[in-house]
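Single-structure report; data block below.
Counting starts at 1 for both ligands and their atoms, in listed order.
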Amino acid sequence: MADTQYILPNDIGVSSLDCREAFHLLSPTERLYAHHLSRAAWYGGLAVLLQTSPEAPYIYTLLSRLFRTQDPDQLRQHALAEGLTEEEYQAFLVYAAGVYSNMGNYKSFGDTKFVPNLPKEKLERVILGSEAAQQHPKEVRDLWQTCGELMFSLEPRLRHLGLGKEGITTYFSGDCTMEDAKLAQDFLDSQNLSAYNTRLFKDVDQEGKPRYEVRLASVLSTDPALDSELTSKLKSYEFQGSHFQVTRGDYAPLLQKVVDHLEKAKAYAANSHQEQMLAQYIESFTQGSIEAHKRGSRFWIQDKGPIVESYIGFVESYRDPFGSRGEFEGFVAMVNKAMSAKFERLVESAEQLLKELPWPPAFEKDKFLTPDFTSLDVLTFAGSGIPAGINIPNYDDLRQTEGFKNVSLGNVLAVAYATQREKLTFLEEEDKDLYTRWKGPSFDVQVGLHELLGHGSGKLFAQDEKGVFNFDQETVINPETGEQIQSWYRSGETWDSKFSTIASSYEECRAESVGLYLCLNPQVLEIFGFKGADAEDVIYVNWLNMVRAGLLALEFYTPEASNWRQAHMQARFVILRVLLEAGEGLVTVTPTTGSDGRPDARVRLDRSKIRSVGRPALERFLRRLQVLKSTGDVAGGRALYEGYAAVTDAPPECFLSLRDTVLLRKESRKLIVQPNTRLEGSEVQLLEYEASAAGLIRSFTERFPEDGPELEEVLTRLATADARFWKSPSEAQCGQA
Ligand SMILES: [Zn+2]
């Protein structure tokens, strides 16, 4: 059996991305706009296969052929007849679903390879005996021969993405080293070319001198039929004793389809910003111009608060071992109009709700300013993985002059928290149903309160450059000390500059605490549509979830460095500590032994004590947080916060040991099933799939109904054209013989 590090477990969590409500609240035109952008994203997303490993496009094609001919249930019959066990067939489905959702055979988070968790000979029997193989024996056999070995290989160099001897990458030909990558970057810089949409291929000429091809992604190839700012750069260069050739046309057939759908989307744009943005993206993908993509991104930033949000291009450079080449991604997300209406009502009630917070009015802003917060539901996220939030564009020059957008992806966050009942760790049996039932609704309440009233509340006492104070020094009293205000922010000082390393975690903790505190308010719960017993359940689950989240947060603590790697997680642990400190049995965290004989733990929250014990404890804590923040008291703030954030093995909780339990019980990253959209007449339909590996496979089988076989041909043709760049010298010689 393969090392568990390199397989996806059979019981891997699979969740469906739920965007039904948001989609159905779109107007017909908005749906058409979303549909064509979604098509563009999915086509472009296939380029990620070519950006990952030499074998990924073949694996994708092989899987698509198999499942296009026989759906997962039909193939199961055949597989069992071939002697596979149910577990082995499930392992194959999970592998296939993993390849689709990572757009390749390397995990998008962590960049390690994953291989099918069943014997290779058995998989070979399934593939070669499949309906697809009977219909096209040569093609299927060739595909298997091309990728079968690499699919299973865990040769050390192939275990993760990397450059040269360090790993495998297709951003660079196989013989490129870090020195080549640096030289190429210097060359690109010298020509004022961006690396974002490029790949680098190295060759050796007759005299043994290296020749580099810098290939840009574009529909057009080297033929300079259409003149653009780029065509003059498509030529040969001598640079530091090496030969460079700038070409274009990488992923051309895929980008052609991207452009076709961006053109169609343009007809349904909501405003001229969107139209101009799409025109520039079309120019960018057609010509291979990052400058055009930057211009498009500028219009994108100016398109504030659209109903249908999107971004598309060569965006994130995490997976280039050198860190400058962007992986293709495209997403379409929608404002959930129903949720936005609730958030708006929360903002309308802000003035009144802020009075409920446990600090004197002088510590509150003179006028409430709605924080910059957008929550969208994702319809499509094509690429190697789905983040829970985005903060783009990545172009530094644009970020400084034009700004950026910071968007939380609500239904992706919901997936991360939606755990099947049987996989819910650390909860009492009797809490699990309630938790499953109310987790989503309570999460919405907490997010709204956290983002709008949490981050939106509280005042910083300051003195400007002219010496003028923004508070009355005579009358304002510090409720913690009973004295006048002794400290404040001087001109030029900010929250971040003063509190530096703890600033973001402290602020997240304040916002989370505001959420827990204000969710006790009946008016808030009514805005979200909850009354009576339901409202009480929402409160209980929101608090229970915070307690559990505080325990789960320990995953993000590094004992060796006594350091938290994640501000939000640290904040939740701090709140758990505060509630534990409240005593009276409000919260208990107890180490236990699981039914498997291994360490486990239980968290409990006494719901009868939330108001009597929890609320006053939270009130004291929140007041201290705010007062220390308002007065810029760094020493006091640090002492308070770092005290709670310290992780020790002190009884009764023994958090350091519990951390091992949390790591042991950690759920592996879920696979996410995304819907398809389909144009029927002039209407766009939303097609949804069940949350399982088979459902995920079906969503991909139906993703390209018009041109699936053509895309498979395109992918293998593009991969084959460059295959020689990743063959070892001996293989290459065999090929030539
Ligand atoms: Zn926050």
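Ring-plane geometry between F471 and W488 is classed as tilted, the angle between the planes lying from 30 to 60 degrees on a 0 to 90 degree scale. Relative ring orientation between Y644 and F621 is described as perpendicular, the plane-to-plane angle rising above 60° on a 0-90° scale split at 30° and 60°.
Atom OE1 is the N, O or S atom of E508 at the shortest distance from the Zn ion (ligand 1). Closest to the Zn ion (ligand 1) among the N, O or S atoms of H450 is NE2.
Distance alone, capped at 3.5 Å, places no donor-acceptor pair between the N336 side chain and the D377 backbone. Judged by distance alone, with hydrogens and angles left aside, the side-chain atoms of W543 form a donor-acceptor pair with the main-chain N or O of L516 at under 3.5 Å.
For the Zn ion (ligand 1), the N/O/S atoms of H568 include none lying under 2.8 Å.
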